[in-house]
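In the text below, chain A, chain B and the rest are named by the order of the sequence lines, each starting its count at 1.
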Amino acid sequence: MSLTVYNTLTRQKEIFQPIEPGRVFMYCCGPTVYDHSHIGHGKLYVGMDIVVRWLRFSGYNVRYVMNITDVGHILDTGEDRILKGARRERIEPMEVVERYMRSFLDDMDALKNTRPNIMPRAAAHVPEQIEAIQKLIEKGHAYEVNGSVYFDVYSYPEYGKLSRRKLDELEEGKRVEVRTEKRHAEDFALWKAAEPEHILQWASPWGQGYPGWHIECTAMSTKYLGETFDIHGGGLENIFPHNECELAQSEALTGKPFANYWLHAGSLTLDGVKMSKSLGNSITIKQALLNNSPEVLRHYILSSSYNGPMDYSPAGVESAQKGWERLVSPLASIRQQLRRTDLPQGEISAVVQTCIDTALSDFSAAMDDDFNTPIALSVLFEYTRQVNILLNGETLLNQAELTAILDLYQRLAGDVLGILPEEHGGTQTTSVELTDGLVQLLIEMRANARKNKDYASSDRIRNRLQELGVLLEDGKDGTIYKLSA
RNA sequence: GGCGACGUGGCCGAGCGGUCAGGCAGAGGCCUGCAAAGCCUUGUACAGCGGUUCAAAUCCGCUCGUCGCCUCCA
């Protein structure tokens with residue numbers, strides 16, 4: 001079974017073939033760090049994280065690069081986003097960058113996204129960007145006017161191939177006034193001359209200025225991944241203009257294909273409307289995490305395709321929460337059983353082995369089909385059902401079987417999807433051993449009370465523990481407990 | 001105006017020509033001292049109208065509706 005991915009460039013699913021066997025070079029457009037990230041960003045980066053995790057699980061050595069845009073991203077008003085943030089908070093531009101880059105990393109860590117291998121910052125790669133711009137001028141793809149440099153889109157005939165736009169059609173739909181100094185309205189800035197009062201500026205062959213938004217991705221992806229690399233990821237709304245411009249200037253620069261596969265994550269909507277900072281309808285990742293565990297949020301995000309849209313709703317999160325609880329429900333039981341010293345020993349039975357093999361194989365097929373996490377989750381639900389049947393069955397599972405079952409959860413739900421709860425959820429103010437010992441003691445006392453039909457005492461223990469967030473569940477082989485966060 | 005997605009049972013959400021998606025909610029049952037959890041059973045959905053086909057949620061056309069992008073966005 002081989003991996004197929006939907007490629008925005010060709011608008012179809014293709015068999016994934018890396019340039020270098022066993023290695024994948026991947027770039028993903030990162031955030032402009034001028035404000036806290038919202039859950040729309042969460043959906044995008046969880047989606048990309050799943051791509052990386054699945055590639056690694058499949059045995060690829062992945063170099064994952066994500067840029068941090070800390071300069072050059074201009075608002076409609078012509079104002080730099082970073083400078084706007086700096087003025088808003090009355091701090092230095094680089095303080096804005098540090099503050100929100102850390103906030104972004106905190107959020108990504110909290111969502112259990114694996115860190116990219118390299119997170120290059122645009123402001124730290126100005127020389128590389130200047131060099132790229134110079135080469136584009138030499139090759140006749142760019143021109144300098146009044147200290148600014150623009151990319152001549154008509155010099156690159158394939159401009160528009162990613163977003164499937166035609167230049168003559170673009171001209172009709174333009175909504176921004178034509179900068180008269182540009183040769184064509186569609187030309188975009190590679191370098192902008194800075195006004196003297198502009199705080200962020202660098203010396204260049206064209207005078208003081210700062211780089212345009214798109215050139216950083218070309219300079220940094222080329223530097224860390226090579227002139228042609230495997231996967232370029234990002235949000236759907238970046239296809240045009242950002243990705244299109246990146247693509248055009250990169251290929252014009254090197255004369256080689258830029259990225260072989262373009263993966264785009266669908267937008268997240270709130271009540272049917274796209275969540276975005278400019279619309280002011282955003283829920284930050286930090287806010288979302290106040291009410292939900294990262295595992296639940298990931299499960300919610302992964303219950304729809306990464307490249308499709310997703311509507312965020314409280315009812316949806318709640319539904320995801322319930323589903324997730326059932327999905328991981330056998331874990332508490334298995335982990336507690338594995339602590340027992342009187343566990344049967346022996347080989348893994350054919351029934352258990354088949355259950356595991358089927359789940360792994362179905363799960364892999366789903367993930368290989370363009371990272372189809374909804375199907376992958378449905379495989380895990382079926383696995384959970386089978387495991388519950390085994391756990392409730394007449395024969396006690398032996399240690400090897402319990403270990404194997406747990407191991408598959410760890411690999412698929414844990415390593416690949418990142419939705420496995422920690423051994424004990426919630427805040428850990430005390431050691432796992434102490435909690436476990438105390439709860440086991442109470443379980444024993446309650447079992448005694450039940451044996452003596454002293455249900456008042458047994459219910460009191462159960463109710464008091466529930467108030468403390470410890471749920472007792474009586475099963476065939478004794479009572480297990482679950483900690484609610 | 002241009003380009004492009006999409007409309008699936010109460011809700012969410014897969015599906016890419018023929019045979020089970022899955023989750024949540026609901027109903028009935030088993031188990032339980034009672035619960036909880038789990039398990040079993042239960043839902044004949046594909047916006048509308050035409051067409052292609054032995055066969056269409058799936059392909060084609062039209063209509064209606066929703067959304068995204070068209071140089072701020074992830």
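- Within 4.0 Å of A/Leu380, counting heavy atoms only, lies no atom of the nucleic acid at all.
- Base pairing of B/C20: no nucleotide in any strand meets the Watson-Crick or G-U wobble criterion (both distances under 3.5 Å).
- In this structure, CD of A/Glu473 is placed 14 Å from C1' of B/C31, rounded to the nearest angstrom.
- Residue A/Asn238 contributes atom CG, which lies 14 Å from atom C1' of B/C70 at whole-angstrom precision.
- Of the N and O atoms on the side chains of A/Asp436 and A/Tyr481, at least one donor lies less than 3.5 Å from an acceptor on the other residue.
- A/Tyr312 has its OH atom 14 Å from the P atom of B/G13, to the nearest Å.
- Taking the ring axis of A/Phe240 as reference, the NZ or CZ atom of A/Arg165 stays within 45° of it and closer than 6.0 Å to the ring centre.
- The nucleotide whose nearest atom lies closest to any side-chain atom of A/Lys482 is, among B/C70, B/A37, B/C24, B/A37.
- Between the P atom of B/A14 and the CG atom of A/Asp370 lies a distance of 12 Å, rounded to the nearest Å.
- Two rings, from A/Phe258 and A/Phe229, have their centers less than 6.0 Å apart.
- Pairing for B/A14 is absent, judged as Watson-Crick or G-U wobble with the two contacts each under 3.5 Å.
- Residues A/Ile375 and A/Tyr45 each lie close to RNA chain B; by heavy-atom proximity, the contact nearer the 5' end of the strand is made by A/Ile375.
- Each of A/His299 and A/Thr269 was matched to the nucleotide of RNA chain B holding its nearest heavy atom; the match closer to the 5' end belongs to A/His299.
- The CD-P distance, from A/Gln12 to B/G4, rounds to 15 Å in whole Å.
- Taking both residues in full, the closest heavy atoms of A/Arg53 and A/Val416 are given as CD-O, 3.0 Å, listed atom of the first, atom of the second, then distance.
- Across all strands shown, the partner of B/G50 is B/C60, judged by Watson-Crick or G-U wobble contacts whose two distances both fall under 3.5 Å.
- Using a 4.0 Å heavy-atom distance criterion, A/Arg326 is classed as a sugar-phosphate-only contact.
- Separating the P atom of B/G23 from that of B/C64 is a span of 38 Å, rounded to the nearest Å.
- No engagement by A/Leu471 is indicated, since no non-hydrogen atom pair under 4.0 Å with the nucleic acid exists.
- If you take atom P in B/C54 and the same atom in B/G1, they sit 40 Å apart, rounded to whole Å.
- When the salt bridge (charged side-chain N to carboxylate O under 4.0 Å, His left out) test is applied to A/Lys274, no partner is found at least two apart in sequence or on another chain.
- Between B/C69, B/G23, B/G15, one nucleotide has an atom nearer to the side chain of A/Asn372 than all others, and that is B/G15.
- Distance noted for atom C1' between B/G13 and B/A57: 14 Å (whole Å).
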Checklist entry - Could you go step by step and tell me if A/Tyr34 and A/Val97 meet the side chain to side chain contact (heavy atoms under 4.5 Å, CB included) rule? => result CA-CA 6 Å; A/Tyr34 69 103; A/Val97 167; over 6 Å; no

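- Scanning both residues, A/Arg335 and A/Leu420, for their nearest heavy atoms gives NH2-CD2, 4.3 Å.
- Note on A/Lys274: a side-chain N or O is less than 4.0 Å away from OP1 or OP2 of B/C69.
- Atom C1' of B/C67 sits at a distance of 23 Å from the matching atom of B/G10, rounded to the whole Å.
- Here the side chain of A/Asp474 is nearest to one of B/G68, B/G23, B/C34, namely B/C34.
- The base of B/C34 is paired with the side chain of A/Arg462 by a donor and an acceptor separated by under 3.5 Å.
- One finds a side-chain N or O of A/Lys322 lying less than 4.0 angstrom from the OP1 or OP2 phosphate oxygen of B/A25.
- With B/A36, B/A21, B/C69 as the choices, the nucleotide that has an atom nearest any side-chain atom of A/Pro374 turns out to be B/A21.
- Using atom C1' as the reference point in both B/C34 and B/C20, the two lie 36 Å apart (nearest Å).
- Counting non-hydrogen atoms under 4.0 angstrom, A/Ser305 reaches the backbone sugars and phosphates but no base.
- Using a 4.0 Å heavy-atom criterion, one finds that A/Leu236 contacts no nucleic acid atom at all.
- Across all strands shown, B/U44 has no partner, as no Watson-Crick or G-U wobble contact with both distances under 3.5 Å is found.
- Rounded to whole Å, the separation between the C1' atoms of B/U8 and B/A21 comes to 12 Å.
- Shown here, B/G1 forms a base pair with B/C70; the pair counts as Watson-Crick or G-U wobble because both key distances fall under 3.5 Å.
- Of the residues A/His264, A/His232, A/His214, the one that meets the ring-ring contact (aromatic ring centres under 6.0 Å, His included) test with A/His242 is A/His214.
- In this structure, A/Arg326 is not positioned above the aromatic face of A/Phe381 in the sense of NZ or CZ being under 6.0 Å from the six-membered ring centre and within 45° of the axis.
- A/Arg460 comes within 4.0 angstrom of nothing in the nucleic acid, heavy atoms only.
- Considering only side-chain atoms of A/Arg450, the nucleotide from B/A35, B/U71, B/G33 that sits closest is B/G33.
- When the nucleotides B/C39, B/C70, B/G4 are ranked by their closest atom to the side chain of A/Asn388, B/C39 comes out on top.
- Contact annotation for A/His38: base contact, defined as any heavy-atom pair under 4.0 Å involving a base atom.
- Note: CG (A/Leu270) to P (B/G68) measures 12 Å, nearest angstrom.
- The C1' atoms of B/U44 and B/A35 are separated by 36 Å, rounded to the nearest whole Å.
- The CG atom of A/Leu390 sits 16 Å away from the P atom of B/G38 (whole-angstrom rounding).
- Remark: the A/Asp311 side chain and the B/C67 base include no donor-acceptor N/O pair separated by less than 3.5 Å.
- Here B/G33 is the nucleotide among B/A25, B/A35, B/G33 with the atom lying nearest to any side-chain atom of A/Asp459.
- Both geometric conditions, a ring-centre gap below 5.5 Å and a plane tilt below 30°, are fulfilled for A/Tyr455 over the base of B/G33.
- Of the candidate nucleotides B/C24, B/U71, B/C34, B/U71 has the atom lying nearest to any side-chain atom of A/Pro241.
- B/G26 sits 37 Å from B/C69 when the P atoms are compared, rounded to a whole Å.
- Contact annotation for A/Gly316: no contact, since no heavy-atom pair falls under 4.0 Å across all strands.
- Side-chain proximity of A/Asn392 to the nucleotides B/G38, B/G13, B/A21 is greatest for B/G38.
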